[in-house]
Student: 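Here you go, one structure.
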Protein chains: 2
Amino acid sequence: MITTDFLRTHRTPVLTADDRSILENAVGRTLKMSARQIIVREGVPLKQCTLLLDGFIHRFKDTSDGRRQILAFHVPGDFVDLHSYPLKHLEHSVAASTDVEIAIFPHEAIRDITAKSPTLTELLWKSTLVDAAINREWLVSVGARSAAVRIAHLLCELQLRLERIERADAGGFALPMTQIDLADAVGLTPVHTNRMLRELRERKLADFREQYVRVHDREGLCAFADFDPSYLYLD
Amino acid sequence: MITTDFLRTHRTPVLTADDRSILENAVGRTLKMSARQIIVREGVPLKQCTLLLDGFIHRFKDTSDGRRQILAFHVPGDFVDLHSYPLKHLEHSVAASTDVEIAIFPHEAIRDITAKSPTLTELLWKSTLVDAAINREWLVSVGARSAAVRIAHLLCELQLRLERIERADAGGFALPMTQIDLADAVGLTPVHTNRMLRELRERKLADFREQYVRVHDREGLCAFADFDPSYLYLD
DNA sequence: CGGGCAATTGAGCATATTCAACCACAGTGG
DNA sequence: CCACTGTGGTTGAATATGCTCAATTGCCCG
């Protein structure tokens with residue numbers, strides 16, 4: 001099923017068979033895109049939403065002086081631009097981090113869902129709000145946590161989000177991005193990000209090498225990161 | 001009308017008289033609270049939402065090492081915790097910055113709205129997403145803009161948001177908070193915030209004194225702040 | 001009058017940035 | 001086949017930005 005990972009990620013409310021099929025039937029088509037392609041461009045009117053099926057996607061915004069802030073990393077099961085349904089266009093861009101497979105949900109299909117099923121409507125709404133909660137947690141990280149802690153926190157988050165969809169095990173997970181991407185996400189320079197990764201390695205907490213995060217001491221990492229997963233609303 | 005400022009803030013979609021009255025009738029009761037009172041405590045199950053009618057409210061989260069990150073400032077017309085309807089509880093707290101007047105919308109009343117009016121449902125959903133867009137813009141500020149620019153950006157945002165509800169004029173606006181609050185919002189220490197405010201004053205852009213922001217050179221301030229208001233979705 | 005809070009300033013320090021160099025590796029073209 | 005090029009990772013040294021600590025002022029309020 002197209003929506004399997006989405007339902008793994010959001011375990012509540014539990015859906016009836018009816019609702020599950022309404023959701024599944026809202027899928028327009030699926031397609032593949034290659035790494036670094038822009039999926040949604042800032043400001044462009046949208047008529048569809050995108051569910052990520054496989055690969056990684058990130059959302060970002062550039063400032064006038066040439067810096068880039070990554071706003072979100074998306075894993076399979078995430079709607080990457082569901083907020084375009086009420087908002088009609090986005091104030092940031094969305095791009096494929098890796099080669100990806102995505103499913104398209106036309107806005108009309110979403111409108112249909114809202115007409116047919118209050119439960120599904122609430123679930124979709126909720127998913128956009130969990131996304132916002134992650135935005136806020138990143139704001140806390142960048143605004144109030146030190147460089148090393150910030151990075152550790154992000155690794156904890158990704159580990160948990162990937163576990164839900166069975167893309168991680170206790171030992172670690174594939175993270176197909178560069179230190180530059182990581183740096184743009186946590187608001188640091190690539191050079192400093194590199195040094196902080198070394199610190200995490202030297203503390204024997206985690207190790208990011210060859211697109212793979214090896215978590216050596218999960219409890220220690222979470223403690224070091226000041227990590228409290230309640231913002232992910234796993235329930 | 002209770003919802004006047006909310007409708008001023010969100011000009012689209014334009015509502016029918018029917019929808020306007022459905023929304024207005026969803027109000028349970030209004031009440032006053034005094035400055036610094038906690039309105040919503042992190043993690044507590046919620047059965048109602050809060051619309052701010054008068055005064056200022058902020059949302060915040062504390063880290064384990066005692067730092068506080070302010071996540072949002074709310075002005076009259078903002079729902080401060082509408083996201084509690086789909087999420088059931090919040091991962092952060094909400095507090096009155098000043099003496100405030102608020103209106104309570106029971107979750108049942110919101111559910112009623114979603115049953116009766118798709119247009120209103122979408123409007124409410126949209127309002128939670130504009131809130132999220134502001135979170136993201138703050139993330140860009142804290143992650144990618146320098147201290148002085150960050151503060152200037154926040155002032156530009158507040159000016160615009162307050163103008164929509166006729167709480168600001170071209171010369172400036174009342175901002176009833178301390179430099180400490182400002183510092184916690186932009187991820188700086190109060191000391192450094194103070195110095196950056198001095199810089200804005202010396203550049204003859206804006207001046208924050210006695211709970212009032214005087215904007216001396218609005219165009220210059222916006223330019224200095226790298227301010228693009230599209231994230232507010234004013235339309 | 002005294003106590004507490006906010007604003008302000010100075011001095012020294014810590015954290016993160018910038019600039020620069022170097023290595024490894026993959027892809028490209030001669 | 002091998003030089004050439006571009007990208008990402010790594011490290012060092014100098015610099016800048018923002019933090020900490022400390023002290024002073026003004027003001028409101030009990």
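Sequence lines set the chain letters: A, B, ... in the order given, protein chains first and strands last, and positions in each chain run from 1. None of these values were measured; they are calculated from a predicted model.
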Student: Between dT10(D) and N194(A), is there an OP1 or OP2 to side-chain N/O distance shorter than 4.0 Å?
Tutor: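 Affirmative; the distance criterion is met.
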Student: About how many Å separate CZ of F173(A) and CZ of R167(A), when rounded to the nearest 0.5 Å?
Tutor: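 Here the interatomic distance stands at 14.0 Å.
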Student: More than 12 heavy atoms of other residues, nucleotides or ligands under 6.0 Å from CZ of R8(B): yes or no?
Tutor: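 Correct, the count exceeds 12.
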Student: For the atom pair CG (L175(A)) and CD (Q211(A)), what is the distance rounded to the nearest 0.5 Å?
Tutor: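 Nearest 0.5 Å value for the CG-CD distance: 8.0 Å.
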Student: Check this for me: E210(B), atom CD, are more than 12 non-hydrogen atoms of other residues, nucleotides or ligands nearer than 6.0 Å?
Tutor: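 For E210(B), atom CD is not crowded (no more than 12 foreign heavy atoms under 6.0 Å).
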Student: Could you state the CG-P distance from D181(A) to dT7(D), rounded to the nearest angstrom?
Tutor: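 Answer to the nearest Å: 14 Å.
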Student: Establish, with yes or no, whether the OP1 or OP2 oxygen of dT11(D) is under 4.0 angstrom from a side-chain nitrogen or oxygen of R198(A).
Tutor: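 It does, given that an N or O in the side chain of R198(A) lies less than 4.0 Å from OP1 or OP2 of dT11(D).
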Student: Pick from R59(B), Q69(B), K61(B), E42(B): which one makes a side chain to side chain donor-acceptor pair (under 3.5 Å) with H92(B)?
Tutor: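 The single option meeting the side chain to side chain donor-acceptor pair (under 3.5 Å) with H92(B) is R59(B).
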Student: Base, backbone or nothing for each nucleotide of nucleotides 16-30 of chain D, written B, S, -, heavy atoms under 4.0 angstrom, 5' to 3'?
Tutor: --BSBB---------
Student: Apply side-chain contact (heavy atoms from CB on, under 4.5 Å) to T128(A) and list each qualifying residue two or more places apart in sequence or on a separate chain.
Tutor: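 With sequence neighbours excluded, T128(A) shows a side-chain contact (heavy atoms from CB on, under 4.5 Å) to L82(A), W125(A), W125(B), L129(B), given in chain and number order.
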Student: dT10(D) phosphate, OP1 or OP2: any side-chain N/O from Q179(A) under 4.0 angstrom?
Tutor: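 For Q179(A), the contact criterion (side-chain N or O under 4.0 Å from OP1 or OP2 of dT10(D)) is met.
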Student: Distance alone, cut at 3.5 Å: any donor-acceptor contact between the side chains of R145(A) and S141(A)?
Tutor: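 A donor-acceptor contact under 3.5 Å links the two side chains.
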Student: First and last nucleotide of DNA chain C touching chain A, 5' to 3', heavy-atom cut-off 4.0 Å?
Tutor: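 Contact boundaries, 5' end first: dA16(C) to dC19(C).
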Student: With a 4.0 Å cut-off, would you call R214(A) and D207(A) a salt bridge?
Tutor: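 Not counted as a salt bridge, because no side-chain N and carboxylate O are separated by less than 4.0 Å.
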Student: May I have the distance from D207(A) (atom CG) to dT10(D) (atom C1'), rounded to whole angstrom?
Tutor: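 So the CG-C1' distance, D207(A) to dT10(D), works out to 14 Å.
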